[in-house]
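Counting starts at 1 for both ligands and their atoms, in listed order. If you read the sequence from its start, that first residue is 1, and numbering goes on from there. Predicted, not measured: the structure shown is a model, and the values here were computed from it.
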Amino acid sequence: MIHIRPLSGDQSVPMDLLLLADPSKEKVLTYVQSGSCYVAYHEQDVIGVYVLLSLSQQTVEIINVAVKESWQGKGIGKQLIRHAIAEAKAAGFHTVEIGTGNSSIQQLALYQKCGFRMISIDHDFFLKHYDEPIFENGIQCMDMVRLSLTLQAD
Ligand code: COA
């Protein structure tokens, strides 16, 4: 049983988890300041995190989602994405976006299983914005695949 809650003001951000999804500490520090950070707990342990960042009045982005390595593959990532969608809807947004690398096969599967559709590709995003080359699943991560989910009013 896990609990997902907004990070309270006196808690530090789970940087080790956030860095699993984004290797740039500088970028993470920038968006956690302007976004809303939610944390998944198992008892007292922080086992997952996501960050919502509004892009406009209509659209919010899940800018980071990560699950502690020893907890991956147990459905926590899906719970975090579903929680983020529910929070976005409750806050009155119309669309949720998420971006991931062309090489992030598992993430592309997860987001589509949660209802996201591919909308665009930001070519060379990871070549332009990250100093070190990134490889996953034997594929170089070069392009950002952008996905979106339209929220239906009840
Ligand atoms: N093909 C098809 N489905 C796949 C798959 C593949 N290659 N790899 C994973 N999946 C599916 C799983 O089967 C599961 O679907 P199901 O519930 O229908 O079986 C779904 O993806 C999600 O699994 P879940 O256990 O909820 O994911 P998780 O808890 O391991 O969290 C991440 C997923 C990506 C958040 C986690 O692996 C992580 O923290 N990775 C490092 C950080 C990261 O890359 N973040 C995203 C940045 S874009």
Query - Min N/O separation G75 to ligand 1 under 3.5 Å - result: yes
Requested in this report: May I ask you to decide whether E61 forms a salt bridge with R146, counting only side-chain N to carboxylate O separations under 4.0 Å?
Outcome: yes
Report task. Is it possible for you to check whether K78 lies under 6.0 Å from the centre of the six-membered ring of Y111, through NZ or CZ, and within 45° of that ring's axis? Result -> no
Query - Nearest-0.5 Å distance, CG of residue L29 to CE of residue M15 - result: 4.0 Å
Query raised in the report: Is there a heavy atom of G48 sitting under 4.0 angstrom from any atom of ligand 1?
Result: no
Query raised in the report: So is there a nitrogen or oxygen of W71 less than 3.5 Å from a nitrogen or oxygen in ligand 1?
Result: no
Query raised in the report: Can an N or O of V67 be found at a distance shorter than 3.5 Å from an N or O of ligand 1?
Result: yes
Report task. Look at ligand 1 and say whether Y50 reaches it with a heavy atom at a distance under 4.0 Å. Result -> no
Query - R5 to Y38, cation-pi by 6.0 Å centre distance and 45° axis angle - result: no
Query raised in the report: Is there a heavy atom of G73 sitting under 4.0 angstrom from any atom of ligand 1?
Result: yes
Query raised in the report: Heavy atoms of the protein only: does one fall short of 4.0 Å from atom 23 (O) of ligand 1?
Result: no
Query - Polar proximity ligand 1 side, K113 side, N/O cut 3.5 Å exclusive - result: yes
